[in-house]
Amino acid sequence: MIRDEIARLVREAARRAQAKGTLPPVAITEVALERPQKPEYGDYASTLPLKLARAARMSPMAIGKAIADELPLVDAIGKIETAPPGFINITLNEKWLAEQVDAIISAEQDFGNLDLGRGERLQIEFVSANPTGPLTAASGRGGALGDTLGNVLSASGYKVEREYYVNDAGSRMEAFYQTVYARYAQALGVAEEVPPEGYHGTYVSDLASETVQEHGDKFLKMPRQQAIDALGKIAIEKMIQAAQRDLADMGVRYDCWFSEQSLYDASLVKKTLEILSERGFTDEREGAVWFTSTSLGEDKDNVLVRSNGVPTYFASDVAYHYDKFFVRAFDRVIDVLGADHQGHVPRMKAAIAALGADPNRLQTIVHQMITLRRCRLDLRMSKRTGDIVSLREVLDEVGADACRFFFLSRSADSQMDFDLELAKRQSNENPVYYVQYAHARIASILRYAGDVEFAQGNVDLLRTEPEQTLIRKMLQFPELIETAATQLEPHHLTYYAQDIAAVFHSFYKQCRVVSDDVELTRARLKLVQAAKIVLAKTLRLMGVAAPEQM
RNA sequence: GCGCCUGUAGCUCAGUGGAUCAGAGCACUGGUCUUCGGAACCAGGUGUCGGGGGUUCGAAUCCCUCCAGGCGUACCA
């Protein structure tokens with residue numbers, strides 16, 4: 001991308017200045033170009049002179065001049081200026097900018113794609129909510145983040161696999177199974193109590209009656225424990241399918257739904273425990289098996305196998321990550337977690353190190369909690385009490401597009417309030433509609449232009465300020481992808497989408513596209529076409545629809 | 001107690017390895033339209049960047065500390 005190209009030129013210019021002796025031979029630090037916010041400072045600015053000043057024992061302005069003198073005036077660069085206290089400001093060339101419209105059109109949907117990943121195999125795991133209840137609105141945040149990040153990383157040259165870890169094993173299962181059995185029995189008029197540690201939400205009753213409809217009372221006729229297991233499995237299957245539906249309706253797709261139970265079935269949990277043990281990272285105390293993470297700098301050890309012989313969730317999760325790093329051997333793994341699981345991160349990293357892999361191959365995105373409100377009241381989010389707002393409800397009320405956009409529009413680090421009533425009431429003012437409207441408007445212009453043939457349009461005519469501003473904004477797109485991919489911060493997309501929509505609307509207001517001037521019409525149709533490509537791609541990465549009309 | 005995250009305009013929030021960092025949207029007020037979609041455009045900001053210290057030529061950004069909130073800190077997941 002052009003920014004990196006210019007950074008390279010600046011670095012080379014500095015080296016040339018050193019070769020000539022106009023700049024002392026000090027180490028050239030990384031040339032990071034900034035994007036000035038004021039147009040008069042150009043498109044890119046280098047602070048290299050300020051950074052070198054101390055070591056070079058020269059005034060930053062003099063360094064700036066020495067470097068600027070060596071900068072070649074390539075096609076892309078229109079103007080080079082040094083500005084106090086020591087900036088090198090670079091303005092892109094108008095003609096070159098105009099020509100980029102053709103470049104965008106020919107790149108089409110590949111515009112902005114990068115090759116940061118070089119084909120590296122990367123797995124991103126997200127949501128992975130317990131299947132013992134419906135997905136909550138909170139899962140929507142993980143879904144939007146994970147899916148969008150997956151899109152961005154794919155566009156950045158990674159070979160991405162998306163995965164949902166299904167916790168279909170472990171101690172919560174039994175409580176859920178018991179609950180299903182009780183509700184099933186109740187649906188058939190048999191008195192059974194939901195255990196206190198069971199799941200009290202009404203959805204279990206719904207599941208039970210559904211099962212009665214499909215299977216009748218046959219489970220009451222078999223041995224109790226057998227019935228509990230059979231009913232439980234049916235119910236879990238239904239819950240998983242519901243989760244798949246919810247996420248699909250939000251535009252989230254997975255390559256793999258990975259079963260926790262399968263780790264036990266394949267004896268991978270056992271094997272992983274053996275490896276940890278062989279490598280000297282386990283200890284037996286009070287009848288339990290511990291992972292001695294303190295030896296790896298952790299503040300505490302963690303139980304792998306309880307004194308009753310049952311492995312903990314942590315044990316199977318270590319096995320799961322063993323599978324990720326050693327069996328399937330992904331180069332990189334990203335786990336998207338809610339803040340309520342943040343404590344899991346350090347011990348998981350320790351476990352990966354203990355297994356013999358570089359823990360830096362695991363990255364985590366810990367997103368903060370969301371607080372749901374309805375009519376100013378906080379809503380609890382617990383599956384066990386059943387007092388939840390489901391993702392389904394949010395999708396139905398707010399719509400998938402607005403929902404995704406909203407979840408994405410804040411950095412994962414910040415908590416967010418989600419007032420359902422507000423989200424509904426404001427839906428017409430939601431930024432997502434502003435962005436989609438810009439896309440629909442573009443589509444409309446292209447429809448209006450009808451059969452005007454503009455493939456041969458001369459983009460060199462696009463020299464006015466609104467046109468050039470739009471082009472500049474489009475050229476920021478690859479930089480945006482890079483930021484989102486390297487920082488793992490998809491929220492920047494929503495801001496960019498609003499920016500480019502605003503710049504387009506402004507251009508539209510000032511520049512008549514289809515007019516009597518045939519040549520200008522063709523050139524501007526090309527610009528509009530390019531804007532459509534960029535806007536549509538931005539929306540697609542976010543998983544938001546780019547409507548032709550609305 | 002300890003750990004992670006957060007505190008920026010009335011509200012919701014951006015601000016990518018300091019300088020060219022005081023920003024956007026919403027809300028509010030006032031303008032713009034004889035033609036391509038007005039769900040639009042243009043104009044309007046006196047904010048101790050939670051408080052206080054520190055480093056520096058320069059800090060919303062880095063360090064320390066205090067305050068406030070969220071989440072962790074289980075032989076739960």
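Keep in mind the model is a prediction, meaning the values are calculated, not measured. Scope of the values below: all heavy atoms of this structure, side chains included, with no hydrogens, waters or symmetry mates. A note on names: the letters A, B, ... follow the listed sequences, proteins ahead of strands, and every chain is numbered from 1.
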| Contacts of type side-chain contact (heavy atoms from CB on, under 4.5 Å), residue A:Thr272, not counting sequence neighbours | A:Leu268, A:Val318, A:Ala319, A:Tyr322, A:Leu355
| query | For B:rC36, does either OP1 or OP2 sit under 4.0 Å from a side-chain N or O belonging to A:Ser515? | reply | no
| note | Hits for salt bridge (charged side-chain N to carboxylate O under 4.0 Å, His left out) against A:Asp317, two or more places apart or cross-chain, chain-then-number order -> none
| message | Between A:His491 and B:rG15, is there a contact of a side-chain N or O with OP1 or OP2 at under 4.0 Å? | response | yes
| request: Indicate, with a heavy-atom threshold strictly under 4.0 Å, whether A:Arg347 touches base, sugar-phosphate, or nothing. | output: base
| said: Considering only residues two or more places apart or on different chains, which pairs with a residue in residues 126-145 of chain A satisfy ring pair (Phe, Tyr, Trp, His ring centres under 6.0 Å)? | reply: A:Phe126-A:Tyr254
| query | What residues form a salt bridge (charged side-chain N to carboxylate O under 4.0 Å, His left out) with A:Lys509, not counting sequence neighbours? | reply | none
| said: Test of understanding: with side-chain hydrogen bond (donor to acceptor under 3.5 Å, both in side chains), list the residues that count as partners of A:Ser316, not counting sequence neighbours. | reply: A:Glu260
| query | With A:Asp401, which residues qualify under side-chain contact (heavy atoms from CB on, under 4.5 Å), at least two apart? | reply | A:Val432, A:Gln436, A:Val544, A:Ala545
| query | Looking only at side-chain N and O atoms, does A:Thr483 come under 4.0 Å of OP1 or OP2 in B:rU16? | reply | no
| field | RNA chain B base-pair string [pairs: Watson-Crick or G-U under 3.5 Å; |: paired with another strand] | value | (((((((..((((.........)))).(((((.......))))).....(((((.......))))))))))))....
| side-chain hydrogen bond (donor to acceptor under 3.5 Å, both in side chains): which pairs involve residues 303-312 of chain A, sequence neighbours left out? | none
| request: Have a look at A:Asp301 and tell me which of A:Thr294, A:Thr292, A:Thr282 forms a side-chain hydrogen bond (donor to acceptor under 3.5 Å, both in side chains) with it. | output: A:Thr294
| task | Using a 4.0 Å heavy-atom cut-off, write out nucleotides 28-34 of chain B from 5' to 3' as B (base contacted by protein), S (sugar-phosphate only) or - (no contact). | result | ----B--
Could you run down the sub-3.5 Å N/O contacts of the protein with nucleotides 5-7 of chain B?
from	atom 1	to	atom 2	distance (Å)
B:rC5	O2'	A:Asp413	O	2.4

Output a table of donor-acceptor pairs, distance under 3.5 Å, between side-chain atoms of residues 443-453 of chain A and any protein atom two or more places apart or on a different chain; print 'none' if there are none.
from	atom 1	to	atom 2	distance (Å)
A:Arg447	NH1	A:Glu548	O	3.1
A:Glu453	OE2	A:Ala455	N	3.2

| How long is the line joining OH of A:Tyr495 and C1' of B:rG23, in whole Å? | 11 Å
| task | Please name all residues satisfying side-chain hydrogen bond (donor to acceptor under 3.5 Å, both in side chains) with A:Ser295, sequence neighbours left out, ordered by chain then number. | result | none
